[in-house]
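Written out below as structure tokens is the structure these notes cover.
Heavy-atom basis, side chains included; hydrogens, waters and symmetry copies ignored. Letters A, B, ... are given to chains in the order of the sequence lines, protein chains preceding strands, and every chain is numbered from 1.
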Amino acid sequence: MKYKETAVIKEQRELATGIYSMWLQAERIAGEAVPGQFLSVYSRDESRMLPRPISICEINREQGALRLVYRIAGKGTLEFSQYGPGDSLELVGPLGNGFPLDKGYGKVFLIGGGIGIPPMVELAAQLPGEKQIVAGYRNHELFLKEELERNGSVYIATEDGSAGTRGNVLDAIRKNGLKAEAIFACGPTPMLRALKAYAAEHGMDCYLSLEERMACGVGACLGCVCRSMDVDSHTYVKNKRICKDGPVFAAEDIEL
Amino acid sequence: MKYKETAVIKEQRELATGIYSMWLQAERIAGEAVPGQFLSVYSRDESRMLPRPISICEINREQGALRLVYRIAGKGTLEFSQYGPGDSLELVGPLGNGFPLDKGYGKVFLIGGGIGIPPMVELAAQLPGEKQIVAGYRNHELFLKEELERNGSVYIATEDGSAGTRGNVLDAIRKNGLKAEAIFACGPTPMLRALKAYAAEHGMDCYLSLEERMACGVGACLGCVCRSMDVDSHTYVKNKRICKDGPVFAAEDIEL
Amino acid sequence: MVNKHMKYGTCVNLAGVELKNPVMTASGTFGSGAEYSEFYDLSALGAVVTKGVANVPWPGNPTPRIAETASGMLNAIGLQNPGIDVFIERDIPFLRQFDTRIVVNVCGRTISDYCEVVERLSDQPVDLLEINVSCPNVKEGGIAFGQKPEALEEVTRQVKKHAKQPVIMKLSPNVTSIGEMARAAEAGGADVLSLINTLTGMKIDIHKRAFALANRTGGLSGPAIKPVAVRMVYEAAQAVSLPIIGMGGIQNGEDALEFILAGATAVSVGTANFANPCSAKEVAEGIRAYMEQYQVEKIQDLIGAVGSVY
Amino acid sequence: MVNKHMKYGTCVNLAGVELKNPVMTASGTFGSGAEYSEFYDLSALGAVVTKGVANVPWPGNPTPRIAETASGMLNAIGLQNPGIDVFIERDIPFLRQFDTRIVVNVCGRTISDYCEVVERLSDQPVDLLEINVSCPNVKEGGIAFGQKPEALEEVTRQVKKHAKQPVIMKLSPNVTSIGEMARAAEAGGADVLSLINTLTGMKIDIHKRAFALANRTGGLSGPAIKPVAVRMVYEAAQAVSLPIIGMGGIQNGEDALEFILAGATAVSVGTANFANPCSAKEVAEGIRAYMEQYQVEKIQDLIGAVGSVY
Ligand SMILES: Cc1cc2nc3c(=O)[nH]c(=O)nc-3n(C[C@H](O)[C@H](O)[C@H](O)COP(=O)(O)OP(=O)(O)OC[C@H]3O[C@@H](n4cnc5c(N)ncnc54)[C@H](O)[C@@H]3O)c2cc1C
Ligand SMILES: Cc1cc2nc3c(=O)[nH]c(=O)nc-3n(C[C@H](O)[C@H](O)[C@H](O)COP(=O)(O)OP(=O)(O)OC[C@H]3O[C@@H](n4cnc5c(N)ncnc54)[C@H](O)[C@@H]3O)c2cc1C
Ligand SMILES: Cc1cc2nc3c(=O)[nH]c(=O)nc-3n(C[C@H](O)[C@H](O)[C@H](O)COP(=O)(O)O)c2cc1C
Ligand SMILES: Cc1cc2nc3c(=O)[nH]c(=O)nc-3n(C[C@H](O)[C@H](O)[C@H](O)COP(=O)(O)O)c2cc1C
Ligand code: FES
Ligand code: FES
């Protein structure tokens, strides 16, 4: 089920420059959400009609709470960052399919690049098996590192070399000589493309969370498609909807 | 001089159902404002571009503060009512001409109808002479009555008869047998029209504060004109700009 | 309490098809209803209008297909659709579950494309056909038919020959005279007009110095265009005597009432679905609330009832 | 620190007239500058464009003349203006105090009205003339000339015969093909094009069941129309080789840059002045900031520089 829910902000704080963390009270959505799903978050400013898709970072089902971690990318996320405890936000969710949790892998990579790191937190908590979490940051502001360390061994890459391996997530994997059966990843498209190639080369399974501009967020408008290998369930033209058929896809199923 | 100023809200409270009072810290505007002038108050919501014209209710020049009293009439004023102390608002002002203070009348009527009452507060404080203040309300919620009583004798009319004279401000004047040399008034157009006729009939001077939909608020767009007896200073076609040549006009100078 | 009058007062009639209330969904913003049926019972609506369907599947345009603009959005979906076969097999049966009218939006590249789809639908349980001759996002067909009165009249006439259900012609706002276009559709035999489709627009990403949409241009929709839409509905209503379905930026009952007062018999809710998945239902509720507030016995009393008080 | 390149990099040239920066004011939103000169020194602007002036005073339309809409507004001022005599005596001397270009917007009911005003201005210290053939708020003249290519070409040709200064033709967006209109103005001899004027719109007060504007329709302006304006500037720039002044919803430097990348040589700021009296100056500052951020040496490198990255 998807819900339209008015959520109350329980906590909001800046984790790193321009990166905010928000805990929201949203019982119905929290009751059903799974790792890798996302929410449509709405601006209160009426000039901004479209929802902002934001991945679920953590789920506290007992408390009916969800955590979102987001980067100020424009006016919508700037607006969200200005709210505080007690303020409310309109949400629709949980949306999309989430990562597969039942493949039975022994040893996996969870790979997050930049603002693709947040969904790895809940995934690490729920995915069975041995988790090697590789997180690529811009600099030494290693947001969510502690949360990641709760459920796996964490390897860091930074663009400026200020922490962990200088370079990208694949540099960190190589430098640390890491191996795994499968990849679960979220991050910028160039990173996902590189991971898809790496997985193919190493015969690994690979699940990627994609992004595209969205309007409806629920599969109705056909705005957010990606090219897919198989025919899609809507139009049968190999155009899968990221909001509905994704955002997580098996790498070999989509063009990147 | 007119200023664009970011004002900080010092106090906001609901005086009567849907009627709010707001004290704003706005040094430069407060330093020059006179009774009967108004401000352009801007929405923060970007879908609402045009300013809301709001009359100045009180001026505290020493503290650099201004008081606005407004009715929730739509989305803009609803937005304003949701802000609290410490929040800021963009203002432009002081705008318009204000009431004439130097006519040397011995005894005058200050007449406010509904949301036309607020400007009478500062006018009563600054206008010399004996002031008979006639305030027309909808019901027993006599907002600003105490403030008005500081500077004159107050006569009340209410539509539902729940306080003072049942009826309108002219009913209250007649019932109380009041007389004066001049009228200073603000309120709904039917009231102003009646006062204009009353003043003409009794040979009184009469100053009325008018309203019209505004865009620029400063005299540039020619949106807010009223028909005038004399040619106007802008176009010489007898179309005075309420925002610039008014909002206060001598009753005989304008069509109503 | 809703009295008997109120209960029946929202019915409207479009070329003989009765809608329980005047609220429809705007084509392309509501799929074939499945996605939004997760949020409310579609029986709350007067009609569901489907995404445009062609004779064969269309893959649509490359992404990005969506861009946000001030109080609106641009889309360049390019009429991605599964074609009439899948549509008949899957979408019509789905919609028949609900107590609402079914309007199928038809797109095509040539007149014979339109006629083929219309014929395929002739034995289907579909209430009305809406012919989209105004999509700005496809090269051939689409808007080309919607910008020339002669072409519009001709496509209308041909479609009418093949159609079993009443035909709604959906007009483009990207024209000099909407009245002229409305008259052309009427002359061609249209039963109903719907307007407006999107205004052609463009957004540029100044940091990438590139078009925000892969298609360069897209269709502008949402509250931003409402004043243009209300004006065009008013002008069309003055120009022809056909019933009109008004749309463009409707978000709530008040917006819908502007269109009805301007002369629309029914309204469609489009982009607002994206801002609130329950919009269309709430528009219907808002209209009812207004009718109760002002004691309007039947909605017909409001259609075209705008006047001047100045 | 601003280096020498940056200092001179914002100059643009409109038919031989050099502007220190590409930012102008949109006619009718800035009076003749007096009101906004209370907020900043008008010398910060590339040019001031005046409110439309006719051969004789016009009283304009009845009120209400203004209505707010989502991210925009409607106006139906109806070209109230004092006529060319007062204008020459009062407004031109006022504007000459500033180090900025003077552009006079000219309106009329007939071709000879336009020509009369243009002739009266021939010996005046005015840099450019902007011919408004696109005002939707007056019955005769105005938009009538702006919606038919032949009429536009003819009025352009006649005005050019009488004009001593370069002529800007201001185009209406209420047309099927802006490219066709741009070519007509070019064929008539226009030196520069400016676009867009307002889109015709309507708002209805559902509580009064009356038109929100006394004139019924008005011109829609503001950020709501920006996507339409950018698209039309792009299409006009593809259609003709004249310099273009782009406008429609510009509020800040980023908005202005969209127009410049789409092909505009200069831009005008209109409705935004009402939302912030310092808008036009801030647009100029925003353009400079962008040029510094991306190390753009001269603004010419940005004109029409939009590309595709998909
Ligand atoms: C499935 C999914 C999950 C996401 N999860 C997160 C997350 O957990 N944390 C986070 O910080 N960001 C996330 N993003 C990106 C986030 O949606 C955008 O950064 C955000 O929408 C920007 O909005 P804005 O108003 O600040 O920026 P603006 O650029 O002003 O937005 C303008 C429009 O573009 C859209 N838009 C802008 N950037 C993107 C983008 N990268 N992807 C999709 N639409 C975009 C906005 O939604 C809006 O409609 C996710 C995106 C997707 C598709
Ligand atoms: C000179 C002047 C002084 C005023 N002083 C006061 C005051 O002290 N207290 C107070 O409560 N109200 C005052 N008003 C009326 C006040 O401006 C409107 O109630 C307010 O603008 C409504 O805005 P809204 O967004 O809530 O309503 P909406 O109806 O949503 O506003 C939509 C648009 O219409 C305009 N508008 C709506 N009502 C009016 C109106 N009556 N007059 C002019 N424009 C209007 C708004 O400014 C806005 O542009 C004054 C008006 C004028 C012209
Ligand atoms: C994403 C999207 C897709 C659309 N697809 C179609 C379509 O397939 N057929 C059609 O006739 N109109 C289509 N439209 C136009 C809408 O039906 C409607 O005419 C327009 O959006 C104006 O209404 P609105 O402002 O309420 O959205 C589409 C609009 C949007 C936003
Ligand atoms: C109140 C108002 C008055 C206007 N008057 C004129 C005019 O006299 N002549 C003209 O050519 N355009 C006039 N316009 C149109 C503007 O110059 C401009 O083309 C249009 O508003 C789009 O720009 P914007 O969105 O930045 O306002 C007027 C616009 C407004 C809002
Ligand atoms: S955003 Fe509408 S289908 Fe994905
Ligand atoms: S509001 Fe612009 S002239 Fe008065």
Side-chain angles (χ1 to χ4, degrees), chain C residues 62-64 67 69-74 147-148 172 174-177 199-211 213-214 216-218 220 222-235 249 251 253-255 257-262 290 294 302 305-310, chain D residues 62-64 67 69-72 74 147-148 172-177 199-211 213-214 216-218 220 222-235 249 251 253-255 257-262 290 294 302 305-310:
Chain C
T63 56
T69 67
S71 294
M73 62 173 283
L74 290 168
Q147 291 187 317
K148 293 205 187 98
S172 169
N174 301 292
V175 296
T176 305
S177 166
L199 282 159
T200 310
M202 176 182 282
K203 181 173 175 172
I204 293 175
D205 181 325
I206 63 163
H207 302 291
K208 296 187 182 149
R209 293 184 202 160
F211 302 103
L213 298 174
R216 300 190 174 195
T217 59
L220 181 64
I225 68 168
K226 196 184 70 174
V228 174
V230 172
R231 186 263 297 180
M232 289 192 166
V233 165
Y234 178 79
E235 287 180 359
Q251 287 190 292
E254 280 135 46
D255 295 335
L257 284 154
E258 278 197 67
F259 283 86
I260 292 168
L261 291 167
Y290 177 93
Y294 289 103
L302 296 173
V306 63
S308 288
V309 290
Y310 310 104
Chain D
T63 55
T69 67
S71 294
L74 290 167
Q147 291 187 317
K148 294 207 186 95
S172 170
N174 300 293
V175 295
T176 306
S177 166
L199 282 160
T200 308
M202 178 181 281
K203 181 172 174 173
I204 292 175
D205 181 324
I206 63 163
H207 302 291
K208 296 185 182 151
R209 294 186 201 159
F211 302 104
L213 298 174
R216 300 191 173 195
T217 59
L220 181 64
I225 67 169
K226 197 184 71 175
V228 174
V230 172
R231 184 264 296 181
M232 289 195 167
V233 164
Y234 179 80
E235 287 181 0
Q251 288 191 291
E254 281 134 46
D255 295 334
L257 285 153
E258 277 197 67
F259 283 86
I260 292 168
L261 291 166
Y290 178 92
Y294 289 103
L302 296 173
V306 63
S308 287
V309 292
Y310 309 102

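Residue C:L74 touches chain D through its side chain alone, counting heavy-atom pairs closer than 4.5 Å. Neither the backbone nor the side chain of C:P62 comes within less than 4.5 Å of any heavy atom in chain D. Only the side chain of D:Y290 comes within less than 4.5 Å of a heavy atom of chain C; its backbone N, CA, C and O stay farther away. Only the side chain of D:L302 comes within less than 4.5 Å of a heavy atom of chain C; its backbone N, CA, C and O stay farther away.
Taking OG1 of D:T200 as the start and CZ of C:R231 as the end, the distance is 4.5 Å to the nearest 0.5 Å. Note: D:L220 CG to C:K226 NZ = 11.0 Å, rounded to the nearest 0.5 Å. Between C:R216 atom CZ and D:E235 atom CD the span is 11.5 Å, to the nearest 0.5 Å. With values rounded to the nearest 0.5 angstrom, C:M232 atom CE is found 8.0 Å from D:L199 atom CG. The distance from the CD1 atom of D:I204 to the CG atom of C:D255 is 11.5 Å, given to the nearest 0.5 Å.
Between the side chains of C:R209 and D:Y294, not a single donor N or O lies within less than 3.5 Å of an accepting N or O.
The candidate with the highest count of non-hydrogen atom pairs below 4.5 Å against chain D, out of C:P227, C:A224, C:A262, is C:P227. Between chain C and the residues D:L261, D:I206, D:V233, the largest count of heavy-atom pairs under 4.5 Å involves D:I206.
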